[in-house]
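Structure, as C-alpha cells:
All ligand and atom numbering here is 1-based and tracks the order in the structure.
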Amino acid sequence: MKTIRETIVDILVEIEKSQSYVQLILKKYLEQFEILDRKFITEVVNGTIQHQITLDYYINTLSKTPVNKMKPFIKQLIRMSAYQLLFLDKIPTPAIINEAVNIVKRRKMTNLSGFVNGILRNLDRQKDNIVLPTEPIECFSVKYSMPAWIIQMWNNVYNHAEIEKICSSLNRRGKVCGRVNNLKTSKEQLKILLNRENIDITDGKFIEESFYLNNVTSIGNVSSFKEGLWTVQDESAMLVSKVLNPQKGDIILDVCAAPGGKSTHIAQLIQNEGQIISTDIYEHKLELIQKNADRLELSCITPVLNDGTIFKEAWENKFDKILLDVPCSGLGILSKKPDIKYKRTLSDIHELVKIQKKLIENNIKYLKPNGILVYSTCTISKLENEDIVEYILQNKNMAVEKLINLPEILESKQNYVQILPYLVDTDGFFIAKFKKVGN
Ligand SMILES: C[S@@+](CC[C@H](N)C(=O)[O-])C[C@H]1O[C@@H](n2cnc3c(N)ncnc32)[C@H](O)[C@@H]1O
C-alpha cells in the first residue's frame, strides 16, 4: 500500500508527464482516500505546483545536480518535501525528511537516499539565508513563482507594489464560490439545506446570488447541487452576466459558452423567459452546457455547435445581446489552475489575440442595430483586454457603453473594468460593454 506522500509524488510525476489538467489527474487518485487525506493531497499537489519556481530556485542553490537534471520521481519528491518545509508550518521537519528518505528506499532507489536527505537537511538549515535575485523582475518571478515573461508584461502596465499584490493574491487558495439558482430556491432555504449536510456558507461580497462554501470537498455529491439548487461560479464571472443586463424576451447569443456558467446565469436573470443560443466549437463541450442547463432546469438555453469565427448568414442582425467570453490566457484564474502559468507563452497570447479579433469581427454582424456586446476574459493582459477595447472601437458601428451593476470598489474611470484578484479577493477578470450604433 502506497503512503499518502508517495501518492502525491506519483500525481506530480503524472501531471508533469501528461500535460493533462491537474484537477482531472487529482480526481482520479483522490477517490480512494478519506476526506482529510484528500484535503492534504490536494493542498500539497497544488502548493508544489503553485510555488515550483521558488522551490526550484532554493533547491538549485543547494544542490550540485540542478533540478532539471534529476530523475522525474526524485525531482518531484524533493519539490514536494521542500514545499512542506518552506510553506507549511504544521508538519515537523524530521517527519518530512524521514518520510522522503523512506519513500526513496521503498521505491528501490536506495543509492539516492543520501542525496535526498542531504538536500532537504541543507534546505532546512539554510532556508533563511538564501538570497533572492536583486533585479526586480527576476526577484518577483522567484518570490512569487511567476514566469518572468508574465511579470515583464505586467511591468509595462502596473507598478511594483501592484505586481506584488497581483502575484500574492494569485497564490492564495480561493474558497469555492457558489451561485444560488433563485428560480428554484432562496439563499436562506439553501443555507438550511447545506447546513443539514454539514456545509457552512457565507454571503458573497458583491453579487446577491453568490455565496462561499467554507468546507466542501466533493461538490458533485452534495444533494442540493445534484438537485440544481446552485452551481459553482466565481463572483467576477457572475459580474459579466450582470453587466450584460439581459431582459425577459431577449434573444441572446453566448458565443464561447461551454461549460455554460454564464449562459445559465443569464437564463436565471431573465427568469428562463427568452432565448439563449449557447455555442461552442467543441461538440463534447456542448454536452456540458446541456447537462448544466438540465440540472438547473433552465429550458431557454439551446446549445449549438458553432465556430464563432465563421460567418453564418442566418444569424445576421438577429440578436439583442451577445456575450463574447473569449478563449484567453487565463492568468486571472491561476489560484484555481496554477499550472497554466508554466504552459503559456507570450506567443500563445499573440495567437489568442488573433482568435479574439476574429470572434469580434464576425459576431458584431449578428447584433441587431442598438444591440449590446459584452466582451470578457479571465485574464490580466493588456493585449487581450485594453488593446481589444481599442480594436472594437475602430469599428465605426460600435460605441462603448457605461458599465452598470458594478460594486463600488470596482467602479473605474474607464469604460471597462479590469478586476485585479486582490481588489475583492476574486478571480481576475476583464469586462467591457459596447452598443452597435449603426448597421
Ligand atoms: C472562457 S471559456 C468560456 C466559459 C463560459 N463562457 C462559461 O462561463 O462557462 C472559452 C470557450 O470558448 C470556446 N471556443 C474556443 N474557440 C471558439 C470558437 N472559435 N468558437 C466558439 N467557441 C470557441 C472554448 O471551447 C471554451 O469552451
One thing to verify: whether [Y] and [X] come together as a salt bridge, which I'm taking to mean a side-chain N less than 4.0 angstrom from a carboxylate O.
X      : Y      : result
Glu208 : Lys187 : no
Glu227 : Lys184 : no
Lys354 : Glu351 : yes
Lys402 : Glu411 : no

Please produce the table of protein N or O atoms sitting under 3.5 Å from N or O atoms belonging to ligand 1, one pair a line, distance to 0.1 Å.
unit_1	atom_1	unit_2	atom_2	d
ligand 1	6 (N)	Cys256	O	2.9
ligand 1	6 (N)	Asp325	OD2	2.7
ligand 1	8 (O)	Lys262	N	3.1
ligand 1	8 (O)	Lys262	NZ	2.9
ligand 1	9 (O)	Pro259	N	3.4
ligand 1	9 (O)	Gly260	N	3.3
ligand 1	9 (O)	Gly261	N	2.9
ligand 1	19 (N)	Asp307	OD1	2.9
ligand 1	20 (N)	Gly308	N	2.8
ligand 1	22 (N)	Ile281	N	3.4
ligand 1	25 (O)	Asp280	OD1	2.7
ligand 1	25 (O)	Asp280	OD2	3.4
ligand 1	25 (O)	Lys285	NZ	3.1
ligand 1	27 (O)	Ala258	O	3.3
ligand 1	27 (O)	Asp280	OD2	2.8
ligand 1	27 (O)	Lys285	NZ	3.1

Fit a plane to each ring of Trp315 and Phe319, take the angle between them on a 0 to 90° scale, and name the class: parallel (under 30°), tilted (30 to 60°) or perpendicular (over 60°). perpendicular

Answer yes or no on whether Arg295 is positioned over the face of Phe225, meaning its NZ or CZ is under 6.0 Å from the six-membered ring centre and within 45° of the axis. yes

